[in-house]
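The figures here come from the full heavy-atom set of this structure, side chains too, leaving out hydrogens, waters and symmetry mates.
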Amino acid sequence: MAQSSSGTLPPLIWKAGNMESEYYVNFLRDLLSLDEAVRTEASDRVQDFVNLLSDTQARVVGDLIAMLAPHEESRVALEALLHALSDLDGCGKLEDVDLSPLGEIPKPLIRVEHRVYMDSFAQRIAGSE
């Protein structure tokens with residue numbers, strides 16, 4: 001497991017069904033990391049705590065991931081970002097998220113491993129344009 005940007009492995013603690021804010025903020029920092037491995041690992045962690053996210057936390061994560069995806073240069077990290085959105089969607093936590101930035105992903109960067117995600121979001125991407 002990769003370390004968070006704070007240099008420690010923070011425990012996953014929740015209060016009243018919500019993720020602890022310090023862990024959540026560190027997670028957001030990891031999504032923005034310059035290190036591809038940290039970004040990928042952060043995206044992969046969404047599935048571990050998606051049910052702990054409040055509606056607001058889920059919307060912020062979803063919006064951030066959707067905004068980051070068009071600028072991701074790593075195939076692996078892009079797949080992890082798209083999978084994280086799929087995890088949010090599977091738990092009904094993607095409803096208020098603006099997926100329109102996904103339409104800005106350059107077509108040559110959308111590989112076969114990304115296609116299933118892009119196809120599943122296509123209607124929502126087109127509907128928000």
Side-chain angles (χ1 to χ4, degrees):
M1 176 187 248
Q3 291 186 342
S4 71
S5 57
S6 64
T8 62
L9 292 174
L12 181 61
I13 300 172
W14 55 91
K15 296 177 183 175
N18 292 330
M19 181 182 295
E20 181 183 275
S21 30
E22 182 179 354
Y23 183 85
Y24 178 73
V25 169
N26 286 334
F27 161 72
L28 293 177
R29 286 181 180 138
D30 288 348
L31 283 175
L32 296 166
S33 174
L34 295 177
D35 184 329
E36 172 191 338
V38 173
R39 291 192 312 274
T40 301
E41 193 271 335
S43 298
D44 288 342
R45 284 188 311 209
V46 170
Q47 68 185 352
D48 297 335
F49 56 72
V50 67
N51 290 314
L52 298 176
L53 294 172
S54 70
D55 290 343
T56 299
Q57 289 172 328
R59 188 180 67 252
V60 169
V61 167
D63 283 339
L64 178 60
I65 289 173
M67 287 186 283
L68 291 173
H71 306 284
E72 182 54 66
E73 296 174 358
S74 161
R75 286 175 68 169
V76 174
L78 178 58
E79 182 179 10
L81 288 169
L82 295 172
H83 187 85
L85 288 173
S86 181
D87 288 335
L88 289 167
D89 193 33
C91 292
K93 298 203 175 218
L94 203 59
E95 294 175 19
D96 295 327
V97 172
D98 177 12
L99 295 181
S100 64
L102 296 181
E104 299 170 19
I105 298 174
K107 301 297 183 221
L109 295 182
I110 299 173
R111 309 294 178 125
V112 67
E113 65 268 25
H114 309 128
R115 179 57 46 207
V116 68
Y117 302 111
M118 294 301 289
D119 288 348
S120 70
F121 297 135
Q123 191 172 32
R124 294 181 61 195
I125 294 168
S128 57
E129 292 179 339

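Residues P101 and A66 share a closest heavy-atom pair of CB-O, 3.1 Å. A69 approaches L81 most closely through the heavy-atom pair CA-CD1, 3.9 Å. Across A80 and D44, no two heavy atoms sit closer than the pair CB-OD1, 3.6 Å. Among all heavy-atom pairs drawn from D30 and A42, the shortest one is CB-CB, 3.6 Å. Heavy-atom minimum distance, Q57 versus Y24: O-OH, 2.9 Å. Smallest separation of non-hydrogen atoms from D87 and V50: O-CG2, 4.0 Å.
Taking SG of C91 as the start and CG of L53 as the end, the distance is 9.0 Å to the nearest 0.5 Å. In this structure, OH on Y117 lies 10.0 Å from CG on L78, to the nearest 0.5 angstrom. Note that the CG atom of L85 and the CE atom of M118 stand 10.0 Å from one another [nearest 0.5 Å]. Remark: I125 CD1 to L102 CG distance equals 4.5 Å, nearest 0.5 Å. Here H83 contributes atom NE2 and L88 contributes atom CG; the two are 10.0 Å apart, rounded to the nearest 0.5 Å. Atoms OG1 and CZ, from T40 and R45 in turn, are 11.5 Å apart once rounded to the nearest 0.5 Å.
Evaluation of the side-chain hydrogen bond (donor to acceptor under 3.5 Å, both in side chains) rule for S74 yields E36 as partners, not counting sequence neighbours.
Here salt bridge (Lys or Arg N to Asp or Glu O under 4.0 Å) pairs that include residues 58-77, with residues two or more places apart or in two chains, are R39-E72, R75-E113.
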Stepwise side chain to side chain contact (heavy atoms under 4.5 Å, CB included) check, V46 with K93: CA-CA 12 Å; V46 170; K93 298 203 175 218; over 6 Å; no
May I have the step-by-step check of side chain to side chain contact (heavy atoms under 4.5 Å, CB included) for L99 and L94, ending in yes or no? CA-CA 9 Å; L99 295 181; L94 203 59; 4.2 Å; yes
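Taking 4.5 Å as the limit, some side-chain heavy atom of L32 sits within range of a side-chain heavy atom of L64.
Cluster annotation: L31 and M67 are assigned to distinct hydrophobic clusters (Ile/Leu/Val/Met/Phe/Trp/Tyr, side-chain heavy-atom contacts under 4.5 Å, transitive).
With H114 contributing its side chain and L109 its backbone, the two residues share a donor-acceptor pair below 3.5 Å.
D98 and S100 share a side-chain donor-acceptor pair at under 3.5 Å.
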